[in-house]
Amino acid sequence: MASFFLSNEFGLIVGICIFIAIFSWVDANFWSPFNLFVISRSAGVYALIGLSMMAVIATGGLSLAIGAIGVCAAMAFGWAIESAGLHWSASLAVALAVALALGYVNGWLVVRTGIHSFVITLATMSVFFGGMLFLSQGQSFRALPAEITEFGRLKVFSISALFLTAVAVALLLAAFYRFAALGREMLAAGACPEAAELSGVHSGRMFILCHVLSAGLAGIAALLVTARFGAAIPSMAGQLGQDWLMPGFLAPVLGGTLLSGGRVSVPGTVLGAILVTILANGLLRMSIGEFWVQAILGCLLLAAVLGDVMRKRYLAASGRA
Amino acid sequence: MGRTSAYFQADWFGPAVISVLAVLVIGLIDRAFISPAALDVLILAVALNGMIVLSQMVVIAIGQMNLSVGGIGGLAAISFAGLMQVQGLPPVAAAAIALLIGVAAGLFNGWLIATTGISAFVITLASLSLFKGINLGITSAQPFYEIPAVVKAFGSEALFDMLPFLSLPTIVIAFALMVLLTRMPLGRNILAVGANPGAVALTGVSLKWTVIAAHVISGFLAAAAGVMAVARLQIGLPTIGDDWLLLSFAAPVIGGAVLSGGHVSVGATLWGVAIVAIITQALVLFKIDPYLVQAVLGLLILWAVGINRWREVRARKGEGKL
Amino acid sequence: DTKVGIVPGGPHPYFSAWGPSGKDASRDFKLGAADYKVPAKWELGEQNLLLESMVSQGYNAFIIFPGDSVGSVSTVADLVGHGAQVIAAGGCFKDPSKALFCLGTDTGNSAYLGTKELLKVMKGSKRILHLTGFMVDPNTQLRIDGVRKAAQEGGGTVVQVIADIDAPEAAAEKIGAFMAARAGEIDGIIATAWVPAVQAANSLRKLGDKRIRMVAIDHDEVVIKAIKDGFVDGTMLQNPYGQAYVGAYALDRLRHGCTVKADAPWKSNALTARFIDSGTAYVDAAKAGNFVGAMQEITKGLLNSFEATYLNCKK
Amino acid sequence: METARYAFEARSVSKFFPGVKALSEVSLKLSAGSIHALLGENGAGKSTLIKIVTGVYQPDQGSLFCSGQACRFSGPRDAMAAGIGVVHQERNLIPRFSIAENIFLERNGRHLFRMIDYKALAREARPWLERLGLDLDPALPVSRLTVAKMQMVEIARALALRSRVLLLDEPTASLTPHEAEALFAVLRKLRDEGVSMLFVSHKLEEVEQLCDTVTVLRDGNNVCDARSTESLGRQDFVHLMIGRTEQVVTRRDREQEDVPPFLELKSVSSALGHRDISLAVRPGEIVGLYGLVGAGRSELAKVIIGRYPVTAGEIRVDQAPVKIRSVAQAIHRHGIGYVSEDRKHEGLILDHSVLENAGITVWRRLANCLGLVGDRSIRALVEPHIRKLEVRTPSLHQKVGLLSGGNQQKISVAKWLSAGVKLLIIDEPTVGIDIKSKAYLHELIHELADKGTAVLLISSDMPEMISLADRIVVMNAYRVQGELANTGEYAKVSAGIMNLIHD
Ligand SMILES: Nc1ncnc2c1ncn2[C@@H]1O[C@H](COP(=O)(O)OP(=O)(O)OP(=O)(O)O)[C@@H](O)[C@H]1O
Ligand SMILES: Nc1ncnc2c1ncn2[C@@H]1O[C@H](COP(=O)(O)OP(=O)(O)OP(=O)(O)O)[C@@H](O)[C@H]1O
Ligand SMILES: [Mg+2]
Ligand SMILES: [Mg+2]
């Protein structure tokens, strides 16, 4: 129990509660159903992006290409529906297959060449995104079936279906890392590839699978974004998919995922995404000089992590006495 | 071990050979690429990007990351331009203050990281937001236009019509960094902390101050890059620095730096910058379909890194244990 | 009460007039508010977050530069679902959307017209370099098509398109590299994005080359100065002040019982069939000194005839 | 004053870690001009005590005295300034730096901007290397050295500080007897020069040979404190450490000549340089693989388990020729496991828990049809082995990296006990392990063999080899020199082995 109070997850919950308290005190509208819906919708997408990055950070590497892979999956989805005329369920499969394949390419290159995943994914980010642009000529797919767009607007007690999807995926993923032999082996390989290899784990194969898993999660995130926009658009993750990088890193790192690999926290990542979304949303709702919002966001982030460190020090000190 | 094989094993050797070969091959295909004017542009790119990248490299050396290089650079750039335009300060004074701002920003990063033990990644991610936010708050996204003629001349003219003035700071800094990292205790401590922080702590060297020093140097270099960018672009744009992050990591890694710390090379890093610049500029010249530029850029980077990697593996096979 | 939110795609000097323009409109038309709010980054997600938070803060009318002409459509639907009225300004949403109309510049057409002007001033061979922005922006394709079409019609050729150079450092590097090696192979430059226009103007000034003709876009000081000094022939000016000012006026009218006329003399462009030209003007050296006045004239004209032309108001 | 007799004294020192009481009221007295042994089982708190003495940790209670003066160390620098030098149990070198630079690393804290004169450094370093009988170029990067040489470089570093008090935490763990002798000669010379030394080792012969006084720790408590070793024999040490006498593992004769070998190598050559290696291991048999450091034994093990490719010859498992392409295949298809000698990098995942490390080999076997496996089933399989080895850990969820060195070694063996392999290759199993656990481990290896497991034992510890192996295969320079049956007669067998090596 004591270890729970020392954990990152607990710290994030405290942080979320504090910021919610502040924001709802400042602004009564904070709890409006629409705001809840909006926050949960963004948080759901950010959580999945974070989980996608987390899955590669588990190897001690990183992937700059998650945004590009996501966009490729979304565009493949749009193409399958509009140009190939497939049913949306088949199109989902096509989109995920594209994502998984691209993840495999990343993983294979990283393992086979032994070059750091940073450089590999820097290059493949360009290649994937460039290929997508060339094929799509920058045009969007808008004629999506009503099921998809309605899903994007669906809410359960003001909570967006996107968020619920993200939570469901997170639960599965948490169980995967906790209970599946494969998940355990991925973490072992990530923490110390050589030791894992000598214990009978195919470290190389695990690294590839981590990239594949990450790509699959990126694909799901992109499909959620597609549902939210009601369209598959090439710019949904920004130039080269780079807009996903910051939320991608922020959520798992706040959540306690080790950048050196081998340890992940699925609930921490989801909580990290929620914290960041609430911070951004709450700040935008206060009337701060528009150009200063970002500076204050930076300060609050710093305050949040510093507060967390002090909490841990305090608890550790009082725990011993 | 012969001299040649020593070179063959050096970090800078692979990127250097790739760069020089690429320039020669592209030059053979198209003479325009090796015209003095074109080489001038290449050197300018290496000079500016080199400063950016060295700023990141120092932090990579201690096994950390500085996500706020662009934030610091942008802040320094608009401070430099703004102080000249709004306060009417002479360029030298404005540059000095801009550099001080960089040092202060680095100190802020380093001090927080060293005293709280929070990962550099998180701290610099937050401070990136802070620095960029201050930048936007000051400028409201408006550029500063009134750049004095001497600054513009510094950014566009060349010494003896050969060596762009802008490359001088980079040359000086690169040399100084090389000396620092290979010959001075501070630089050695930075590398040692990157390789094995526990071992350094046991020798009694202060981990805290070494980390802070690395971040201060990084902040200083990022600010220098910001000032140089103003001179190069002839305008104080608030967007300066937004695009620095990926390049700042790519070049050291292409040059063989180990992201977990302890191993960087100034020479190899600068050659890494050169490879990226050559590829970028060659793509402009070869009239690639704009929709394909990104894809081709990615493939070429993979290719260049792959070759270098192959050489490293070959070189390592030669070594044995004693 | 009309509370207008004026939201650009991100921080960019193009929109600098929107802030004062909103204040002027708020004063002149006695609005509840007309606030200019900028997303912290030029990201679709940031803009959406901002818009969503604004609607729950009680803003009921929006002037938006779409972060993505397709991607922002669903956000518009959300806003309209909350009873807000939305128009696009600067750039347009792609039809179908819940936006009432688009008040702005037809990007493709502007590129087309600019190229026409360029072709006019070029003598002899007409080889053109086209500099433009992000490839993910659908407008970029419209601009490429516009330039190509004009070049074909005017007997010119587009030698090369350099895109994705919205970052100043990249723009300086790529334009510099091209000019160093290939300046002799072109006779004219058309720039259809802000940053490339600025960097190309600088590059021509550095080369001191007045043989190569150039037409730029927007009203950056560097470009205007280059026009005055003769390095650039002209620029395709847009009217951001007027967009926000007239837009705020129109939204206020719409909140007070007016509706949009279905049969108004809408123009149409590649994105929407409800397009109102906020004023595009070609500014050359002769007019460079007084382009602000020219734009104010256009704005005044647009405002005076707006209600009669585009709105049905029950008196 | 009484205390002035001691060069260094620690009085009633206690140290707590979360969940662990590492030291309670421990005292230590080091006199000038003597070598003092610090003994105790794995996890008794030896390294912790040394870290307190050298300023790495601050004691939670108790006080330190240097030459009779109370002193406080807020960091390693303070301890160094007080003339205390140390060789820690873990390696603390910067791999890419030269030997000389590593030796004088501590100087980098003094003047941050003075140019380093590498030539002078090398010149200064050379005598210290020579003192230890090392013929190494001081300009060589440390990463090019073997573990043993790195150990010597660290000792050279401690000597170069010219400390009055020198603490050595298991300095001989990775040294050959020859290298250890060179070290002892130096230590004796230092003693004569008046230096006070603390020596930690699990090899009691070394302690008997070298030390004047002894402090023994048990579970973080003093059992004795600065007792003279003169009247003490091996069994007394053992008694002090574990509270009873040594359990002597008897060598057993197993006879099953008729059983066909489980593993057979026929003229195997490898990409690592092995040539013409032939050997066979039968079920229930312990085959020793002896050789000097660098003979290529560990590498051979890795070739067998499929980590490195075989270039010629044939490997047979259960009489069928096989090509083993990966370690996973070796374990899961052929039932071959390997206990690595390098537990930090190859044996354990230091960042993961005890349970995860011990269970990694069985996850796949225990997984149900969905590929899921819960902690409970792993625990059921793994816990008995951990119990049996008496691993000292607050819980099964403790990070392995936080255990004492010896306990880590136990975990790296324990994980193979549950794996149920048919052939286990064990590489240097008892380095850094206390004598009690060593006896356990030996017992365990015997038990494994009795149950029919084939064991290939790699060890540089001759007594261990002779007490365990049925047959001994001797390797040198990546070739097999020959083979001899182990009769258990130490003198005869060791002479036979040496003959084979120096053929
Ligand atoms: N940083 C730490 N955090 C938690 N527990 C620790 C830490 N360091 C040591 N311990 C625990 O303190 C106890 C003493 O460890 P120590 O390393 O001093 O043992 P040791 O006597 O040196 O053993 P060995 O002979 O195996 O090296 C052990 O139970 C160990 O698990
Ligand atoms: N390919 C290689 N690259 C670098 N070093 C190597 C290589 N092959 C062997 N070595 C080194 O040579 C030494 C001999 O290898 P090996 O470990 O097989 O010997 P060993 O007989 O098992 O000795 P030990 O008693 O140390 O285990 C090792 O220290 C190893 O680090
Ligand atoms: Mg110990
Ligand atoms: Mg070995």
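Worth saying up front: this structure is predicted, and the values here are computed from it rather than measured. Side-chain atoms are counted along with the backbone in the values below, which use heavy atoms only and exclude waters and symmetry mates. Residue numbers begin at 1 in each chain, while the letters A, B, ... track the order of the sequences.
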Problem set entry | Best-contacting candidate, D:Arg96, D:Arg114, D:Arg157, against chain B by heavy atom pairs under 4.5 angstrom | D:Arg96
Problem set entry | Most contacts with chain B, counted as non-hydrogen pairs under 4.5 angstrom, among D:Lys51, D:Arg91, D:Glu90, D:His88 | D:His88
Exercise. Measuring heavy-atom distances to chain D, does B:Thr182 have an atom under 4.5 Å in its side chain, in its backbone, in both, or in neither?
Worked result: backbone
Looking at every heavy atom in both [X] and [Y], which two are closest together, and how far apart are they?
X	Y	answer
D:His111	B:Pro185	O-CG, 2.9 Å
D:Tyr118	B:Arg183	CD1-NH2, 3.8 Å
B:Ala201	D:Pro76	O-CG, 3.2 Å
B:Val179	D:Met115	CG1-CE, 3.2 Å

Measuring heavy-atom distances to chain B, does [X] have an atom under 4.5 Å in its side chain, in its backbone, in both, or in neither?
X	result
D:Glu101	side chain
D:Arg107	neither
D:Leu161	neither

Problem set entry | Criterion side-chain contact (heavy atoms from CB on, under 4.5 Å) on D:Val56 and B:Leu202, from CA distance to verdict | CA-CA 7 Å; D:Val56 180; B:Leu202 291 177; 3.2 Å; yes
Problem set entry | Option that, when pairs with chain D are counted at under 4.5 Å, heavy atom only, ranks first among B:Gly204, B:Gly187, B:Ala195 | B:Gly204
Seminar exercise, completed: From the list B:Leu186, B:Thr210, B:Leu180, the residue making the most non-hydrogen contacts under 4.5 Å with chain D is B:Leu186
Exercise. Tell me, do D:Asn92 and B:Thr203 make a side-chain contact under 4.5 Å, heavy atoms counted?
Worked result: no
Exercise. Considering residues, nucleotides and ligands other than B:Phe175, do more than 12 of their heavy atoms fall under 6.0 Å from its CZ?
Worked result: no
Scan the side chains in residues 213-228 of chain B for donor-acceptor partners under 3.5 Å anywhere in the protein, sequence neighbours excluded, and list what turns up.
residue: B:His215; atom: NE2; partner: B:Gln64; partner atom: OE1; Å: 2.8
residue: B:Ser218; atom: OG; partner: B:Ser55; partner atom: O; Å: 2.8
residue: B:Ser218; atom: OG; partner: B:Ser55; partner atom: OG; Å: 3.3
residue: B:Ser218; atom: OG; partner: B:Asn66; partner atom: ND2; Å: 3.0

Exercise. Going through the checks in order, is the side-chain contact (heavy atoms from CB on, under 4.5 Å) test met by B:Arg188 and D:Ile116?
Worked result: CA-CA 9 Å; B:Arg188 302 306 283 174; D:Ile116 300 174; 3.4 Å; yes
Problem set entry | Side-chain (D:Asn108) to main-chain (B:Val205) donor-acceptor, under 3.5 angstrom | no
